[in-house]
Amino acid sequence: MNSNALHTRPAVSKSALFIAVCLVIGSASMTQAADQSVEQLIAEAEAARTQAAALKFEWTTTAGLVNAARQALTEDDRRRARVLALRARKEARAAIAQARLSDQHWQDYIPR
Amino acid sequence: MKRVLLYVFTLTGLLALNLACSESTQETDASVSQTHTAVVDFKGEVERDIAAFRQYYANKFPNIDPDAFQDGVYAIDEASREQWLEIEEFPPYEFAVDSGKALFEMPFANGGTYAGCFANGGIGVKQNYPYFDTTANEVVTLELTINRCRISNGEQPLAYKTGDMASLAAYMAFTSRGNRFAVAIPNEAAYEAYQQGKKFFYSKRGQLNFACADCHMRVSGQKLRADILSPALGHPTGFPVYRAKWEDMGTLHRRYIGCNRNIGAMPLAAQSTEYRNLEFFQTILSNGLAINGPSSRK
């Protein structure tokens, strides 16, 4: 029984080591992907903001959010940059949707 | 005999078909004609807009004299009106009128004058602004004309929101007091500009998802914190205004910029095409109201 137990210990240790290595590698690659997506998110937010501005429906806070996201990225605060970029993109897309909705339905808003 | 009958039936059938087609064509022509008439009947459309707009406020404020809307929010709230009338005893825009008069009468370096750029020497003309320039196909405001006058005389243009521009506009409004707005829509291009202004007025924008009409039609007369929202009818009559919040004079487009910012919408440039079209639309809806600018506001 003891010899069995001694037999299984190295197997458990190898599995644990494998999982740990996988976690480290996975974590590293996820961090890299997250970093890339922050930059991409900022680019997408800026593109949407520009589109909203071209439609003359840009909101007052969107440019500030994009700038704050860029600033956070330069300060290596990637988590904050991501949150700000997501918020900016959401705002800009809402402004574009608002422009389209107003274009189609402005006459429905005339009080009678 | 059978052949003869067959010919008769055939001819009768063809004749009936021809008549039906003819009637159908006439109907189509009539509908096209009606559509065409509807497109070109822009004056009728605008008249209906004006009537509906006035009726909206008549229903909302049944005890207010229609002409009183020239006083803005002070037409609909007695307490605010009393304060305003007291302010008007020593009007804070008086300095701007004096300064505007001096600027207006001072010749440019080339000897030209503002008076030379306007009908009637620029005295008592505000009721015709903004107008639609049928050659350039654009709405031209008083402020735009002032700057074009300067440029054509070799001077630098003025900033549009305040300062000397507001003073000049204040003086020109002062000389037009009592004249009733009479802004015309001369052609279909002008009607298109009017429609663009109308679309802007009723379109929701900004984080608050508000249209001009939300504040100045639907909830006009109600309180927004300590302020009462003014009716849009009569908005252009008092501008430029001395606004207590600004501690300064400001043009109508300065106010548009502030309104847009208040609702979280990125403001457009003063004298942008959009704001000029909006002013065109708003002024046409206020046609017939007397100019009482410059004025004072909270």
Side-chain angles (χ1 to χ4, degrees), chain A residues 38-74 80-112, chain B residues 45 48-61 195-222 229 231-233 256-269 272-278 281 285:
Chain A
V38 167
E39 281 154 6
Q40 194 182 339
L41 274 175
I42 292 172
E44 284 176 10
E46 177 58 15
R49 188 202 65 76
T50 308
Q51 193 183 342
L55 294 166
K56 318 276 182 180
F57 272 76
E58 183 186 355
W59 294 3
T60 46
T61 47
T62 318
L65 285 169
V66 173
N67 289 337
R70 282 185 181 134
Q71 182 64 30
L73 196 61
T74 58
R80 183 172 160 73
R82 185 182 177 80
V83 169
L84 289 165
L86 278 169
R87 203 183 295 169
R89 191 181 67 175
K90 191 177 179 184
E91 266 199 10
R93 286 179 177 174
I96 293 164
Q98 185 181 50
R100 287 183 182 147
L101 202 66
S102 283
D103 186 52
Q104 290 163 7
H105 295 286
W106 66 271
Q107 298 200 49
D108 300 337
Y109 304 148
I110 299 174
R112 309 286 177 192
Chain B
E45 288 291 321
R48 281 187 283 279
D49 279 357
I50 292 171
F53 195 67
R54 302 265 164 113
Q55 192 57 51
Y56 181 85
Y57 289 106
N59 294 341
K60 198 170 181 70
F61 306 106
Q195 281 290 95
Q196 289 302 317
K198 183 178 174 181
K199 184 178 176 183
F200 191 101
F201 186 82
Y202 291 111
S203 288
K204 291 177 183 289
R205 58 188 70 236
Q207 285 166 319
L208 300 189
N209 199 37
F210 276 10
C212 305
D214 285 326
C215 285
H216 298 291
M217 287 187 80
R218 280 190 186 85
V219 294
S220 59
Q222 293 183 35
L229 289 158
L233 179 57
Y256 285 161
I257 287 168
C259 271
N260 275 174
R261 197 170 276 133
N262 285 346
I263 59 165
M266 200 69 173
L268 307 178
S272 59
T273 304
E274 290 80 6
Y275 282 168
R276 279 186 280 140
N277 289 344
L278 178 61
F281 167 73
L285 290 187

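Sequence lines set the chain letters: A, B, ... in the order given, protein chains first and strands last, and positions in each chain run from 1. Since the model is a prediction, treat every value here as computed from it, not as a measurement.
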Most chain A-contacting option - heavy-atom pairs closer than 4.5 Å, from B:Arg261, B:Met266, B:Met217: B:Met266
Using non-hydrogen atoms only, which part of A:Gln107 is less than 4.5 Å away from chain B: side chain, backbone, both, or neither? neither
Atom pair CG/CZ of B:Leu268 and A:Phe57 - distance to nearest 0.5 Å: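 Those atoms lie 9.5 Å apart.
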State, with a plain yes or no, whether a side-chain heavy atom of B:Lys204 is found less than 4.5 Å away from one of A:Leu101.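 No - every pair of side-chain heavy atoms lies 4.5 Å or more apart.
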Are the side chains of A:Ser102 and B:Tyr202 in contact, using a 4.5 Å heavy-atom criterion? no
Less than 4.5 Å to any heavy atom of chain A: does that hold for the side chain of B:Glu274, its backbone, both, or neither?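 Contact with chain A involves the side chain of B:Glu274 alone.
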Side chain / backbone / both / neither for B:Asn209 at chain A, heavy atoms under 4.5 Å: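 B:Asn209 touches chain A through backbone and side-chain heavy atoms alike.
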Would the distance check show the side chain of A:Gln98 and the main-chain N or O of B:Gly206 forming a donor-acceptor pair, the cut-off being under 3.5 Å? yes
Tell me if the CZ atom of B:Arg218 is crowded by more than 12 foreign heavy atoms within 6.0 Å.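 Above 12, so yes.
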